[in-house]
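The figures here come from the full heavy-atom set of this structure, side chains too, leaving out hydrogens, waters and symmetry mates. Whatever order the structure lists ligands and atoms in, that order sets their numbers, starting from 1.
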Amino acid sequence: MNAPTALSHLVPDVSQRPVPQALLDALVARFGAQCSTAMVVREQHGRDESSFQVPPPAAVVFAESTRDVADAVALAAQHEVPVIPFGVGSSLEGHLLAVQGGISIDLGRMNRILSVNADDLTVTVQAGVTRKQLNEEIRSTGLFFPIDPGADASIGGMCATRASGTNAVRYGTMRENVLGLEVVTAAGEAIRTGTRARKSSAGYDLTRLMVGSEGTLGVITEITLRLYPIPEAISAAICSFPSIEAAVRTTIQVIQLGVPIARVELIDVNAVRMVNKYAKLALREEPMLLMEFHGSPAGVQEQAQTVQEIASEFGGNAFEWATTPEERTRLWTARHNAYFAAIQSRPGCRAISTDTCVPISRLADCLLDSVKEADESGIPYFLVGHVGDGNFHFGYLLDPDDPRERTVAEDLNHKLVGRALRLGGTCTGEHGVGLHKMGFLVDEAGVGAVDMMRTIKRALDPKNILNPGKIFSL
Ligand SMILES: Cc1cc2nc3c(=O)[nH]c(=O)nc-3n(C[C@H](O)[C@H](O)[C@H](O)COP(=O)(O)OP(=O)(O)OC[C@H]3O[C@@H](n4cnc5c(N)ncnc54)[C@H](O)[C@@H]3O)c2cc1C
């Protein structure tokens, strides 16, 4: 495996390029109060949810239009200074850190819904719109956008990390739901990729090249997305199990039988305890599956009955229903709060989140050995998973001042990724590579494929100014 576990190798390679005063002067002249060099603003844009510490960018530009983004990139390109796009800063793998210095472009003010085409089930938004804002603003159309990472991320950031969430088992990820983009290139020019049509055979698929490129190939300024009708009937249920294995085997069978379940999330007993305490709930302290069914009233009932029968074969009990919107929100809020509940359970801790994803038939093989290793390590942890996709996250809760704990957790992750790759899976199902998984990418894709990625990067960004030092080194 290329990814090192020794702590000394996990300190990011920081070599900041100079940011000339002439560039800062030019940015202030062009952007006025939209450009800040205040330390507090720079620090806020120079960290994410990862546990790395890196000096912040030299300035932050708050873009309000595609023209602003293009001008900021063009100025940075003139001075060969790095540019790091910023959505809401919820990424987990060191994506935003200014390891080679440079400036941050914050797209949060580009937060307008540009057009809703209800007849075609599409919407076009600016990159700074967040997923919750989008769903609130289109609710009256009877449509919704299903991708829901646990944080209220920006649509631009979600494109850049190829995000998914609890609904991906039914509706897919950003890869399947982005139809077209407007992107500012490394030369500071805006281009368009894709159309509003459902499909196209027109040339290279630049949309999919940009989705998941983590700010290294262009700055996304507009996005056209697919929407879905709000289902006629929705019902949610929780089911407790005597063991994680029983919950996982239930999930595998549900997926293999082709039940079109909309959400199926695993929560281990540690996470249930943390959520109970944090949200003052009284969930049974056993491993559980949280599920949701979408469709016609009869279809939903039929799916739920099939799942209930499978769950009872594996000892699942206490199948509890949440049919009103308020009950469902309470249940899913508990799931979405699991990360914050876990952080609060150990004051002062930082979490390292794993993100492996394996083919569904190998889920039990991958998960159960890793649970055993985590239990034996003595590191406090929680486990949650979008298990219908074969994707799960251990969150190891570390004392940031104890290097031993960090080494143990990295070692656990190393073994877990090795296992996932041997089983035909990936080191990252949805969070992306950033800094933390650069070594694992070589293990997964191979030297030849990573070299092809480098060739694309060099062709599109010859001065290496777009979020340099992420995904792979040049
Ligand atoms: C509690 C919690 C739960 C989470 N759950 C999930 C989950 O279930 N599924 C999931 O997929 N992720 C999850 N995440 C991770 C995170 O929310 C996603 O990675 C999200 O897509 C990041 O969006 P953002 O707006 O915060 O982007 P940022 O963190 O601001 O940026 C992320 C990366 O994208 C680049 N970028 C941002 N905007 C643009 C743009 N307009 N153009 C080009 N590049 C850009 C940045 O340079 C950076 O490399 C979770 C995070 C937290 C804290």
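- Close contacts of ligand 1 with Ala163, meaning ligand atoms under 4.0 Å from a residue heavy atom, involve 11 (O), 21 (O).
- On a distance-only criterion, Ser164 and ligand 1 share at least one N/O pair closer than 3.5 Å.
- Residue-ligand proximity, Phe340 to ligand 1, at heavy-atom distances under 4.0 Å covers atoms 1 (C).
- Ligand 1 lies within reach of His386, whose nearest heavy atom is under 4.0 Å from it.
- A donor-acceptor pair is defined here as one N or O able to donate and one able to accept, closer than 3.5 Å; no such pair exists between the side chain of Lys463 and the backbone of His79.
- Note: Phe394 and Tyr381 have tilted aromatic rings, judged against thresholds of 30 and 60 degrees for the angle between ring planes.
- Looking at Asp48, its side chain does come within 3.5 Å of a backbone N or O of His95 through a donor-acceptor pair.
- Every atom of ligand 1 is numbered from 1 in the order shown, and the set under 4.0 Å from a heavy atom of Glu214 is 49 (O).
- When the heavy-atom distances from atom 6 (C) of ligand 1 to Gly150, Ser154, Gly156, Ala151 are ranked, the shortest goes to Gly150.
- Considering only non-hydrogen atoms, atom 36 (N) of ligand 1 lies nearest to Ala160 out of Ala160, Gly215, Gly212.
- Side-chain contact between Leu225 and Met174 is present, with at least one heavy-atom pair separated by less than 4.5 Å.
- The heavy atom nearest to atom 37 (C) of ligand 1, out of those in Gly157, Ser104, Gly108, is found in Gly157.
- Residue Ala127 places no N or O, backbone or side chain, under 3.5 Å from any N or O of ligand 1.
- The side chain to side chain donor-acceptor pair (under 3.5 Å) with Thr166 is formed by just one residue from the set Glu265, Arg335, Arg263; it is Arg263.
- Side chain of Arg362 to backbone of Leu423: no donor-acceptor contact under 3.5 angstrom is found.
- At a 3.5 angstrom cut-off on N or O pairs, His393 does not count as close to ligand 1.
- The single protein non-hydrogen atom nearest to atom 13 (C) of ligand 1 is Pro149 CB, 3.6 Å, given as residue, atom name and distance.
- Taking the six-membered ring for Trp and thresholds of 30 and 60 degrees, His336 and Trp332 have ring planes inclined between 30 and 60 degrees apart.
- The nearest protein atom to atom 50 (C) of ligand 1, hydrogens excluded, is given as Leu92 CD1, 3.9 Å; this is a heavy-atom distance.
- Every N/O-N/O distance between Leu96 and ligand 1 stays at or above 3.5 Å.
- Using a 4.5 Å heavy-atom cutoff, the side chains of Phe145 and Ile155 are in contact.
- Using cut-offs of 30° and 60° on the angle between ring planes, the pair Tyr339 and Phe382 is perpendicular.
- The shortest heavy-atom distance from Gly434 to ligand 1 is not under 4.0 Å.
- Of the possible donor and acceptor atoms, one in the side chain of Arg17 sits under 3.5 Å from a partner among the backbone N and O of Glu80.
- Aromatic ring centres of His393 and His431 lie closer together than 6.0 Å.
- Polar contact check, Pro85 against ligand 1: a nitrogen or oxygen pair lies under 3.5 Å apart.
- The contact set between ligand 1 and Asn467, taken as ligand atoms under 4.0 Å from a residue heavy atom, comprises 47 (O), 49 (O).
- Below 4.0 Å from some heavy atom of Gly218 lie the following atoms of ligand 1, by number and element: 43 (C).
- On a distance-only criterion, Gly165 and ligand 1 share no N/O pair closer than 3.5 Å.
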